[in-house]
Amino acid sequence: MLIDTHVHLNADQYEEDVDEVIRRALDAGVEKMVVVGFDRQTIRRALELAETYPFIYLVIGWHPVDAVDCTEEDLRWIEEIAAEHPKVVGIGETGLDYHWDKSPKDVQQELFRRQIALAKKLKLPVVIHNRDATGDVVRILREENAAETGGIMHCFSGSPETAKECVEMNFMISLGGPVTFKNARQPKEVAKEIPLDHLLVETDAPYLAPHPYRGKRNEPSYVRLVAEQIALLKEIPFEEVARKTTENALKIFEIRE
């Protein structure tokens, strides 16, 4: 059994064949999937999927790239859903993205802090997006005492040293397709150095497809390739990686079904 802890089955790329994509995931041993909604449209679609499929769960929040578009009403709406819907298992993806310049850094940081506060209020893990902003992400997690609720460093691309800092703050390190890329040195080092107790696997599909599908549409069935690569790097059986990352996901998301 595997759990894809971060997938966007609510993306337009799956509009024509989402049922077939889900079936392929189940056939590959991916028995649960966590769909992430990060604005009104994707949250609504994620809700539809979770209410259709018993093995699909939700993480909802507001993406840092679009922080400038987030209103007080949006945040209240997210809080209401997260507080009331039984399949919401986390808040996010939130964090910082300094690669794109749509939303000013100060606006991103304020929204990040508010979503950490919401996660703590609701006692849910917070799912972190970080692109070109590691220093500020780690600083804000410390300043906001995010360790109180803990969470997940989604599609982690930083150094082993940063990963260890995050683990000390009660965060899981989630690895995706890049760990399979030949030139991706840091994700491979993280996979080797971070204990299996603190690792998760994800696809971030439809993005970041693992080798040998790099550059094509990703899908949750490919999370098996991520787990296989981690097993290879750690020199342990694939079954051990699958079992432990699944246990980790069930624990962090408090999924008991």
Side-chain angles (χ1 to χ4, degrees), residues 4-7 36 59 61 63-65 90-101 105 108-109 112-113 115-116 119 125-205 207-211 214 218 222-223 225-236 240-241 244-245 248-249 251-252:
D4 187 349
T5 61
H6 195 113
V7 58
V36 180
V59 166
H63 201 285
V65 169
I91 298 297
E93 59 191 278
T94 182
L96 302 174
D97 191 313
Y98 293 169
H99 179 77
W100 306 107
D101 60 3
K105 291 180 180 179
Q108 291 190 43
Q109 291 179 17
F112 184 20
R113 292 180 191 276
Q115 290 184 86
I116 294 170
V126 61
V127 177
I128 306 301
H129 172 102
N130 169 29
R131 190 168 187 187
D132 300 340
T134 299
D136 283 348
V137 165
V138 172
R139 175 178 59 82
I140 289 170
L141 290 175
R142 289 195 185 283
E143 290 174 357
E144 297 299 320
N145 190 28
E148 179 183 316
T149 185
I152 297 165
M153 305 304 293
H154 143 63
C155 207
F156 187 83
S157 61
S159 68
E161 292 72 28
T162 300
K164 290 170 186 174
E165 280 188 75
C166 295
V167 167
E168 289 171 3
M169 288 190 287
N170 198 25
F171 277 76
M172 290 280 180
I173 306 300
S174 186
L175 296 173
V179 77
T180 70
F181 299 167
K182 290 181 180 179
N183 60 346
R185 179 179 56 83
Q186 287 202 142
K188 293 181 189 298
E189 290 177 356
V190 167
K192 290 178 182 178
E193 293 191 31
I194 299 301
L196 195 53
D197 285 352
H198 301 290
L199 290 181
L200 299 172
V201 291
E202 65 166 271
T203 58
D204 200 24
Y207 318 107
L208 295 174
H211 178 80
R214 189 174 183 179
N218 200 0
Y222 298 165
V223 78
L225 297 170
V226 176
E228 287 173 349
Q229 180 65 35
I230 293 170
L232 190 66
L233 291 164
K234 285 190 169 297
E235 300 182 342
I236 59 177
E240 185 177 347
V241 174
K244 191 60 189 172
T245 57
N248 295 343
K251 182 178 179 181
I252 189 72

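- Put simply, the side chain of M153 does not reach to within 4.5 Å of the side chain of V190, judged on heavy atoms.
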| message | Using the rule given for side chain to side chain contact (heavy atoms under 4.5 Å, CB included), can you reason through L208 versus T203, listing the C-alpha separation, both sets of side-chain angles and the distance that settles it, and then say yes or no? | response | CA-CA 7 Å; L208 295 174; T203 58; over 6 Å; no
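- Remark: R142 engages E165 in a side chain to side chain donor-acceptor pair (under 3.5 Å) (not counting sequence neighbours).
- Residues passing the ring-ring contact (aromatic ring centres under 6.0 Å, His included) test with H198: none are found, sequence neighbours excluded.
- Remark: the backbone N or O of Y98 is not paired with any side-chain donor or acceptor of D132 at under 3.5 angstrom.
- T180 contributes a side-chain N or O that, together with a main-chain N or O of H211, makes up a donor-acceptor pair within less than 3.5 Å.
- Note that CD of E93 and CD1 of I152 are 11.0 Å apart. Values are rounded to the nearest 0.5 Å.
- When every heavy atom of G92 is checked against every heavy atom of V36, the shortest pair comes out as O-CG1, 3.9 Å.
- By the 4.5 Å heavy-atom criterion applied to side chains, Q115 and E144 are not counted as neighbours.
- Formation of a donor-acceptor pair under 3.5 Å by the T149 side chain with backbone atoms of A146 is not found in this model.
- Taking CZ of F112 as the start and CD of E143 as the end, the distance is 10.5 Å to the nearest 0.5 Å.
- I173 has its side chain within reach of C166: a pair of non-hydrogen atoms, C-beta onward, lies under 4.5 Å apart.
- No donor-acceptor pair under 3.5 Å is formed between the side chain of E202 and the backbone N or O of T5.
- If you take CG on L141 and CG on D136, they are separated by 10.5 Å, rounding to the nearest 0.5 Å.
- Within the 3.5 Å criterion, the main-chain N or O of V179 finds a donor-acceptor partner in the side chain of K188.
- The minimum heavy-atom distance between P178 and A184, with the atom names listed, is O-CB, 3.0 Å.
- We find the CD-CZ distance between Q229 and F181 to be 11.0 Å, quoted to the nearest 0.5 Å.
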| message | Set out, in order, the CA-CA distance, both residues' side-chain angles and the distance that settles salt bridge (charged side-chain N to carboxylate O under 4.0 Å, His left out) for K244 and E240, then state yes or no. | response | CA-CA 6 Å; K244 191 60 189 172; E240 185 177 347; over 6 Å; no
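- At distances below 3.5 Å, not a single donor-acceptor pair connects side-chain atoms of D97 with backbone N or O atoms of P64.
- Using a 4.5 Å heavy-atom cutoff, the side chains of Q186 and T162 are not in contact.
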| field | L96/I140 under side chain to side chain contact (heavy atoms under 4.5 Å, CB included): CA gap, chis, key distance, verdict | value | CA-CA 10 Å; L96 302 174; I140 289 170; 4.2 Å; yes
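- By the 30° and 60° cut-offs, the orientation of the rings of H154 relative to H6 is parallel.
- Minimum interatomic distance between G151 and P125 (heavy atoms only, all atoms of both residues): CA-CB, 3.8 Å.
- Atom-to-atom distance recorded for L225:CG and L232:CG is 12.0 Å, nearest 0.5 angstrom.
- Between D4 and Y222 there is no side-chain heavy-atom pair separated by less than 4.5 Å.
- Heavy atoms of other residues, nucleotides or ligands lying less than 6.0 angstrom from CD of E235 number 12 at most.
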| field | Chi angles and distances behind the side chain to side chain contact (heavy atoms under 4.5 Å, CB included) call for I128, F156 | value | CA-CA 9 Å; I128 306 301; F156 187 83; over 6 Å; no
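- A209 is linked by a side-chain contact (heavy atoms from CB on, under 4.5 Å) to Y213, N218, counting only residues two or more places apart in sequence or in another chain.
- The nearest pair of heavy atoms linking L196 to V241 is CD2-CA, 4.2 Å.
- Separating the CG atom in L175 from the CD1 atom in I194 is a distance of 9.0 Å, to the nearest 0.5 Å.
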